[in-house]
Undergrad: 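Please see the structure below; I have some questions.
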Amino acid sequence: EKAASQFRALRHLEPQNLTHTLNLAISLAQLFRPEESLIIYEELCRLKNPPIPAVLGRAQLHHSMGHPDKALASLESFRSHFWEEPPFLLTFMSTAYAAEREDVAHEALKMLNQLQQKGAVKPEMFRSVPQDDALEIFKQSFKQERERTDYLHTEMLRGRMFWVWAEHAY
């Protein structure tokens, strides 16, 4: 709560500094105030040239709230703007798989592959594997993430591990 208050004050003092606004959105999300956080993310995403962390953060927040379709839709509107940015493509691809839009995820995968062939993607960021293997890896990772989220939510409802939630949010 203290961090959110500090970022709110910094944002008031330096409204042109988008880092303060972004940090406020992140801290509100970590405080389980997703609606307030989304309002701030929406404000950032309406800018002519929004910072990529705001675009990705908004999508991740939608996804963490159990709305992968909204997350994907929020990324779609920035597709032309960030389509050659590897972090955007990775988030877009994983979000599309979560939204069960394999066709759209495959487009991001193809673009990542093209960027990798040009040397624009660090080898440790993205490793090319056969399509069937990649699909299985992504399905398994989403299953594991869902199981982990369910476990954390259960523990949170029992009053345990409340400190883990803030770490899990981002």
Side-chain angles (χ1 to χ4, degrees), residues 22 25-26 28-30 32-157 161 164-170:
L22 181 61
I26 292 168
L28 289 171
Q30 291 175 339
F32 309 107
R33 293 161 54 185
E35 291 80 17
E36 291 176 68
S37 180
L38 278 174
I39 290 169
I40 307 256
Y41 277 125
E42 293 294 340
E43 177 185 320
L44 287 166
C45 290
R46 278 193 301 271
L47 296 172
K48 183 177 180 180
N49 292 307
I52 193 167
V55 173
L56 300 181
R58 179 178 68 168
Q60 291 165 346
L61 185 57
H62 278 302
H63 191 183
S64 72
M65 294 169 65
H67 306 292
D69 292 330
K70 284 184 182 178
L72 183 59
S74 76
L75 291 171
E76 281 281 359
S77 58
F78 293 98
R79 190 172 171 162
S80 62
H81 191 75
F82 294 116
W83 194 242
E84 293 193 9
E85 296 291 331
F88 179 83
L89 289 167
L90 288 167
T91 301
F92 188 94
M93 182 174 62
S94 63
T95 303
Y97 278 122
E100 299 180 2
R101 292 289 315 276
E102 293 178 18
D103 57 325
V104 180
H106 185 67
E107 293 173 28
L109 179 63
K110 286 190 327 190
M111 182 54 131
L112 275 167
N113 199 24
Q114 289 173 9
L115 290 173
Q116 186 180 42
Q117 290 172 356
K118 292 178 184 175
V121 176
K122 295 176 185 173
E124 65 272 6
M125 182 181 263
F126 174 71
R127 179 175 54 102
S128 185
V129 295
Q131 184 176 355
D132 292 339
D133 292 348
L135 186 56
E136 192 56 40
I137 290 168
F138 280 114
K139 285 180 179 178
Q140 185 63 30
S141 72
F142 288 121
K143 180 182 176 197
Q144 289 172 345
E145 179 65 24
R146 228 176 273 130
E147 289 170 356
R148 180 173 184 254
T149 300
D150 290 346
Y151 171 75
L152 287 173
H153 286 172
T154 301
E155 292 301 302
M156 290 291 295
L157 290 173
M161 297 174 46
V164 175
W165 186 246
E167 178 185 335
H168 177 69
Y170 286 93

Undergrad: Hey, are the side chains of His62 and Leu72 touching, using non-hydrogen atoms and a 4.5 Å cut-off?
TA: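 In short, these two side chains do not touch, never coming nearer than 4.5 Å.
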Undergrad: To the nearest 0.5 Å, how far apart are CD in Gln60 and OG in Ser74?
TA: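 Rounded to the nearest 0.5 Å, the CD-OG separation comes to 9.5 Å.
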Undergrad: Over 60° means perpendicular and under 30° means parallel, so classify the ring planes of Phe88 and Phe82, tilted if in between.
TA: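 If you compare the ring of Phe82 with that of Phe88, the planes turn out tilted.
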Undergrad: Taking the side chain as every heavy atom from C-beta outward, state whether Ile40 and Leu22 have any atom pair closer than 4.5 Å.
TA: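 Side chain of Ile40 against side chain of Leu22, heavy atoms only: no contact under 4.5 Å found.
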Undergrad: For Glu35, which residues count as a side-chain contact (heavy atoms from CB on, under 4.5 Å) partner, sequence neighbours excluded?
TA: Met65
Undergrad: What distance separates Glu102 CD from Leu109 CG, expressed to the nearest 0.5 Å?
TA: 11.5 Å
Undergrad: Check the angle between the aromatic planes of Phe142 and His63 and answer parallel, tilted or perpendicular using the 30° and 60° thresholds.
TA: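 Tilted.
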Undergrad: Return yes if some donor-acceptor pair links the side-chain N/O of Arg58 with the main-chain N/O of Cys45 below 3.5 Å, else return no.
TA: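 Between the backbone of Cys45 and the side chain of Arg58 there is no qualifying donor-acceptor contact (under 3.5 Å).
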Undergrad: If you compare all heavy atoms of Glu76 against all heavy atoms of Val104, which two are closest, and at what distance to 0.1 Å?
TA: OE2-CG1, 3.7 Å
Undergrad: Restricting to side-chain contact (heavy atoms from CB on, under 4.5 Å), what partner residues turn up for His81, sequence neighbours left out?
TA: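 His81 satisfies side-chain contact (heavy atoms from CB on, under 4.5 Å) with Asn49 only.
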Undergrad: Show every donor-acceptor pair shorter than 3.5 Å between a side-chain atom in residues 90-100 and any protein atom, with sequence neighbours excluded, or say none if there are none.
TA:
unit_1 : atom_1 : unit_2 : atom_2 : d
Thr91  : OG1    : Pro87  : O      : 3.0
Ser94  : OG     : Leu90  : O      : 3.2
Ser94  : OG     : Thr91  : O      : 3.2
Thr95  : OG1    : Thr91  : O      : 2.7

Undergrad: When rounded to the nearest 0.5 angstrom, what is the spacing between CD1 in Ile137 and NZ in Lys139?
TA: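 Interatomic distance, Ile137 CD1 to Lys139 NZ, rounded to 0.5 Å: 12.5 Å.
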Undergrad: Identify the heavy atoms of Tyr41 and Ala54 that sit nearest to each other, and give their distance.
TA: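 Heavy-atom minimum between the residues: CD2-O, 3.4 Å.
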Undergrad: Can you check whether Arg148 reaches Gln144 side chain to side chain, under 4.5 Å on heavy atoms?
TA: no
Undergrad: Can you find a heavy atom in the side chain of Leu89 that is under 4.5 Å from one in the side chain of Val121?
TA: no
Undergrad: Kindly write out the residues that satisfy salt bridge (charged side-chain N to carboxylate O under 4.0 Å, His left out) with Arg33, not counting sequence neighbours, or none if the list is empty.
TA: Glu1, Glu36
Undergrad: What distance do Glu85 atom CD and Met111 atom CE have between them, rounded to the nearest 0.5 Å?
TA: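 Here the rounded value is 10.5 Å.
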Undergrad: Evaluate the side-chain proximity of Gln30 to Ile26: yes if any heavy-atom separation is below 4.5 Å, no if none is.
TA: yes
Undergrad: Within the side chain of Ser37, is there an N or O that forms a donor-acceptor pair under 3.5 Å with the backbone of Pro34?
TA: no
Undergrad: Decide if atom CD of Glu84 counts as having more than 12 heavy atoms of other residues, nucleotides or ligands within a radius under 6.0 Å.
TA: no
Undergrad: For Glu43, enumerate each residue passing the salt bridge (charged side-chain N to carboxylate O under 4.0 Å, His left out) test, keeping only those at least two apart in sequence or located in another chain.
TA: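 Result, salt bridge (charged side-chain N to carboxylate O under 4.0 Å, His left out) vs Glu43: Arg11.
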Undergrad: Partners of Glu136 by salt bridge (charged side-chain N to carboxylate O under 4.0 Å, His left out), sequence neighbours excluded?
TA: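 Salt bridge (charged side-chain N to carboxylate O under 4.0 Å, His left out) list for Glu136, sorted by chain: empty.
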Undergrad: If you compare all heavy atoms of Pro51 against all heavy atoms of Leu44, which two are closest, and at what distance to 0.1 Å?
TA: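 Answer, listing the atom of Pro51 first, then Leu44: CD-O, 4.4 Å.
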